[in-house]
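This report concerns only the one structure given below.
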Amino acid sequence: MMPLPPGSVIGVLGGGQLGRMMALAAARLGYRVHVYTPDADSPTEQVCASATVAGWEDEAALDAFADAVDAVTLEFENVPVSAVERLEARVPVRPGSHVLAVAQDRLAEKTTARNLGVPVAPFEAVTSDTDLEDAVELIGAPSVLKTRREGYDGKGQRIIRTAADAAPAFADLGRPAAILESFVDFTAEISVVAARGLDGDVKSYTAVENRHEHHILALTIAPAAVASSAVKQAEEAARTLIEALDVVGLLAVEFFVTPEGGVLFNEMAPRPHNSGHWTIEACRVSQFEQQVRATAGLPLGATGFHHRAVMRNLIGDDADRWSDLVAGGDSLYLYGKAEARPGRKMGHVTRLYAPDRPNWPPQDAELP
């Protein structure tokens, strides 16, 4: 299949900051972006060529959008599968609805990983109080109860420290379809962003370490300062998943590093990832350009890094420091969101370091 020529229109589902940075990368390659989002004045709409502001259930709007673009990708994995299936009947969607069906459901993604031989902490499905009692008996405490759908940045989950905590936690979540996971004793959290082209070629960015504050990603350190065995396992697992799911585009996979130096699968997202923002400055081809390349049918670009990097999220009022950050010489990205709220990602800043730096990771005083 021939790649899309410059001037083609790439449709993006979702209007957040990931779509914003994808649209900027697409423009560099001569493509225009048309975003479909329920939200007016979204971060993506502010920088793209066209926008459809409509609900995911609006079939007429979906059809018109499909007719206006040459291929579709996404920056948000919680798009209803039914909407993507409707688009697929008219235009290529990369990645497709079959990938979303797995990535949207924590039980499905962990079951998929386990079936493929990717190490996963013990887990059990929970749909009722009886299921929960049985799951706690099997897995024990401490453990973590999570909704199967739409939880992110610590939302939709509760820690079960003793068996007595289980029923109140389930009630507090609203008794949704859920999953109980064994609590993991980990030494670090890492992630790998893998890419797969239309031709089946797979390339991965180096594994990075992610540090969280209040369950929200605060820092990404690239590369991760963990055992090489853990990096190898994570990269191999990401390749296994992206190939088995037949992804065309990106698949970001998060792992826990165990005290023994192994890794356990945590979750995945079939889109650019917050932990991949550092690639804009530190790699020849960023994760956003890579997503555009895969969507357009272009060959994948190189994923090696020419600098080490640390990315810090600007959350809530952190973005008010923009003037100091600009003056400091680091790379600043602001997402164009009108209102800063606690826990809301308003931008990020990336600092580069020499590729052969001997002491890694940097000390706190050297971080952005």
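Atom set for the values below is all heavy atoms of this structure, side chains included, hydrogens, waters and symmetry mates excluded. Along the sequence shown, the residues carry numbers beginning at 1.
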Side chains of Asp67 and Arg90: closer than 4.5 Å at any heavy-atom pair? yes
Is a donor on one side and an acceptor on the other found under 3.5 Å between the side chain of Arg106 and the backbone of Glu267? no
When the ring planes of His348 and Tyr333 are compared, do they come out parallel, tilted or perpendicular, using 30° and 60° as the limits? parallel
Go through the steps for Gln291 and Thr73 under the test side-chain hydrogen bond (donor to acceptor under 3.5 Å, both in side chains), then give the verdict. CA-CA 8 Å; Gln291 179 83 346; Thr73 189; 2.6 Å; yes
Check whether Asp172 reaches the backbone of Ala169 with its side chain - one donor and one acceptor, N or O, closer than 3.5 Å. no
Are Gln17 and Lys337 linked by a side-chain donor-acceptor pair shorter than 3.5 Å? yes
Main-chain N/O of Cys283 paired with Tyr205 side-chain donor or acceptor, under 3.5 Å: no
With distance as the sole test, does Thr44 use its side chain to make a donor-acceptor pair with the main-chain N or O of Gly16 at under 3.5 Å? yes
Between Gln287 (side chain only) and His273 (backbone N and O only), is there a donor and an acceptor less than 3.5 Å apart? yes
Taking everything shown except Arg357 itself, do over 12 heavy atoms lie less than 6.0 Å from its CZ? yes
Cut-off 3.5 Å, side chains only: do Glu209 and Thr220 have a donor facing an acceptor? no
Heavy atoms, side chains only, cut-off 4.5 Å: are Ile221 and Arg308 in contact? no
Report yes or no: do Arg20 and Gln46 form a side-chain donor-acceptor pair below 3.5 Å? yes
Would you tell me whether Thr147 and Gln157 have side-chain atoms, one donor and one acceptor, within less than 3.5 Å of each other? no
Correct closest heavy-atom pair for Leu334 and Trp322 would be CD1-CB, 4.0 Å
Strictly distance-based, threshold 3.5 Å: is any side-chain N or O of Gln290 a donor or acceptor partner for the main-chain N or O of Ser286? no
Salt bridge (charged side-chain N to carboxylate O under 4.0 Å, His left out) with Glu181: of Lys146, Arg148, Arg158, only one passes, and it is Lys146
Decide yes or no on salt bridge (charged side-chain N to carboxylate O under 4.0 Å, His left out) for Arg341 and Glu339, but give the supporting numbers first. CA-CA 6 Å; Arg341 298 193 296 267; Glu339 180 185 1; 3.6 Å; yes
Answer yes if the side chains of Ser275 and Ser191 hold a donor-acceptor pair under 3.5 Å, and no otherwise. yes
If only side-chain N and O atoms count, and only distance matters, is there a donor-acceptor pair under 3.5 Å linking Thr52 with His34? yes
If you define the side chain from C-beta out and look only at heavy atoms, does anything of Pro223 sit under 4.5 Å from Trp360? yes
